[in-house]
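Have a look at the structure below, then the notes.
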2 protein chains.
Amino acid sequence: MLESASEILKANNMSVTASRQQILSLFFDKDRGALRHSDIEKQLDNLDRVTIYRTLQVFSDKGLIHPISGSDGVTRYALCKGNCSEGHHHDNHVHFYCHKCSQTQCLNEVQIPKVELPGIFTVRNIEMLIHGVCQHCKN
Amino acid sequence: MLESASEILKANNMSVTASRQQILSLFFDKDRGALRHSDIEKQLDNLDRVTIYRTLQVFSDKGLIHPISGSDGVTRYALCKGNCSEGHHHDNHVHFYCHKCSQTQCLNEVQIPKVELPGIFTVRNIEMLIHGVCQHCKN
DNA sequence: GTAACTGCAAAATATTTGCATCCTT
DNA sequence: AAGGATGCAAATATTTTGCAGTTAC
């Protein structure tokens, strides 16, 4: 477990608990793909299912992680890259889902392009998910 | 029920059944938003849940409707606009989710813009979902 | 000590599968 | 008549809620 997990929790006004440290550390360990609830449950089988759901919710509310909704109906979460804050995400990057390894990753360097919408719509947030084969599975 | 429902089914090599006609007609009636399984279940309460799931799957396979996966975890479906065929969707338009009325609609006239991905990825499909307030709820 | 966090039980919702029966062609 | 479509039962998966007990600060 990272030493810094507790620092990060403190810095974001969350009480430091074992569950939170373990879950947050997982996100730092795992640099490849976004994590599903079930991934976390498998790796931290000492934690209750419900605790994991609630922790993911809190982390998301605090701007530590952001949810990614894929076409397989399972919500994944990935670390926010610094510019998110409590109650407001700024993750305007593209997400990539690989249908070979079923991993979802953030393409942090790829910005979501602007779209022209008729003025009758008010835009709050844009999600862009690209499906295909990732760098690891392409071979 | 549209007379044309049975025509469309025939034209796409599907046997013409009461369930399929009713479900397909719903999609033609409903011009505003995409339909969830539960919407259909409510409106056609003579049909079995499972039949609705299977019918949506078949329609999607045949290119009549396309699935839209939103961040609320519920799959919605909307009519394809003519250029889709069996086994291959071409719905490269933007989808819009209104968080006031919870409706999802296709913005058929708004194309998904091109994105530059590093060559290490193979792209198969792109989804773009915009959240905000729709034309009906804006007031 | 108090408020927040966790675990357990249970419920709600979404979706899938197997099988026997019915309907379309 | 044959094969596909449907209905029913049941299983699986995901997520939420309530409450009582525990822990962080």
Side-chain angles (χ1 to χ4, degrees), chain A residues 1 5-26 34-62 64-77 86 97 102 104, chain B residues 1 5-26 34-62 64-77 86 97 102 104:
Chain A
M1 188 184 312
S6 73
E7 311 290 315
I8 295 171
L9 290 171
K10 276 179 208 155
N12 286 275
N13 297 309
M14 283 175 271
S15 40
V16 178
T17 67
S19 324
R20 289 181 179 174
Q21 289 182 77
Q22 289 179 72
I23 295 176
L24 188 51
S25 297
L26 257 197
L35 296 173
R36 295 169 299 181
H37 175 276
S38 61
D39 296 326
I40 299 171
E41 197 180 359
K42 264 173 229 145
Q43 288 179 73
L44 303 176
D45 59 357
N46 56 316
L47 298 185
D48 190 80
R49 242 206 303 324
V50 177
T51 299
I52 299 174
Y53 276 114
R54 290 194 269 229
T55 304
L56 290 172
Q57 185 61 60
V58 172
F59 284 1
S60 179
D61 290 347
K62 292 285 184 176
L64 259 52
I65 60 179
H66 59 276
I68 306 169
S69 32
S71 3
D72 64 355
V74 185
T75 303
R76 282 158 229 259
Y77 292 88
E86 181 159 357
Y97 174 80
S102 299
T104 299
Chain B
M1 187 186 309
S6 72
E7 312 289 316
I8 295 171
L9 290 171
K10 276 179 209 156
N12 286 276
N13 297 309
M14 282 176 270
S15 41
V16 179
T17 68
S19 322
R20 291 181 178 174
Q21 289 181 77
Q22 289 179 73
I23 295 176
L24 188 51
S25 297
L26 257 197
L35 296 172
R36 295 170 299 181
H37 175 277
S38 61
D39 297 325
I40 298 172
E41 196 180 0
K42 264 173 228 143
Q43 287 179 74
L44 303 176
D45 59 358
N46 56 316
L47 298 184
D48 190 80
R49 244 206 300 329
V50 177
T51 300
I52 299 174
Y53 277 114
R54 291 196 268 229
T55 303
L56 290 172
Q57 185 60 61
V58 172
F59 284 2
S60 180
D61 289 346
K62 293 284 184 175
L64 258 54
I65 61 179
H66 59 275
I68 305 169
S69 32
S71 3
D72 64 355
V74 186
T75 303
R76 282 157 229 259
Y77 292 88
E86 181 160 355
Y97 174 80
S102 299
T104 298

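Just so it is clear, the values below take in all heavy atoms, side chains as well, and ignore hydrogens, waters and symmetry mates. Note that the coordinates shown come from a computational prediction; the quantities given were computed from them, not determined experimentally. Letters A, B, ... mirror the listed sequences (proteins, then strands); counts begin at 1.
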*Contact state string [nucleotides 15-22 of chain C, B base, S sugar-phosphate only, - no protein heavy atom under 4.0 Å]*: BBBB----
Check the distance between [N]'s [atom2] and [X]'s [atom1] and give it to me in whole angstrom.
X	N	atom1	atom2	value
M14(A)	dT23(D)	CE	C1'	17 Å
D48(A)	dC19(D)	CG	P	17 Å
I23(B)	dG7(D)	CD1	P	9 Å
L44(A)	dG7(C)	CG	C1'	15 Å
R20(A)	dA24(D)	CZ	P	11 Å
D72(A)	dA14(C)	CG	P	17 Å
R76(A)	dT15(D)	CZ	P	11 Å
K42(B)	dA14(C)	NZ	P	8 Å

Do you know the tightest heavy-atom contact between [X] and [Y]?
X	Y	value
S6(B)	V16(B)	CB-CG1, 3.7 Å
D39(A)	A34(A)	OD2-O, 4.2 Å
S60(B)	P67(B)	OG-CD, 3.7 Å
Y97(B)	S102(B)	OH-OG, 3.6 Å

*How far does the helix from dG1(C)-dC25(D) to dT25(C)-dA1(D) bend, going by the axes of its first and last five pairs, to the nearest 10°?*
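Inter-axis angle at the ends, rounded: 30°.
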Short question: side chain of [X], backbone of [Y] - any donor-acceptor pair under 3.5 Å?
X	Y	answer
S25(A)	Q21(A)	yes
H37(A)	V74(A)	no
N12(B)	M14(B)	no
R20(A)	S15(A)	yes

_Residue S15(B), side-chain heavy atoms: nucleotide from dA5(D), dT6(D), dA24(D) that is nearest_ = dA5(D)
*Base, sugar-phosphate, or nothing for V16(B), non-hydrogen atoms under 4.0 angstrom?*
sugar-phosphate
_Counting C-beta onward and ignoring hydrogens, is there a side-chain heavy-atom pair between L56(A) and I40(A) closer than 4.5 Å?_
yes
*Give a yes/no on whether any side-chain N or O of T17(A) is located under 4.0 angstrom from OP1 or OP2 of dT6(C).*
yes
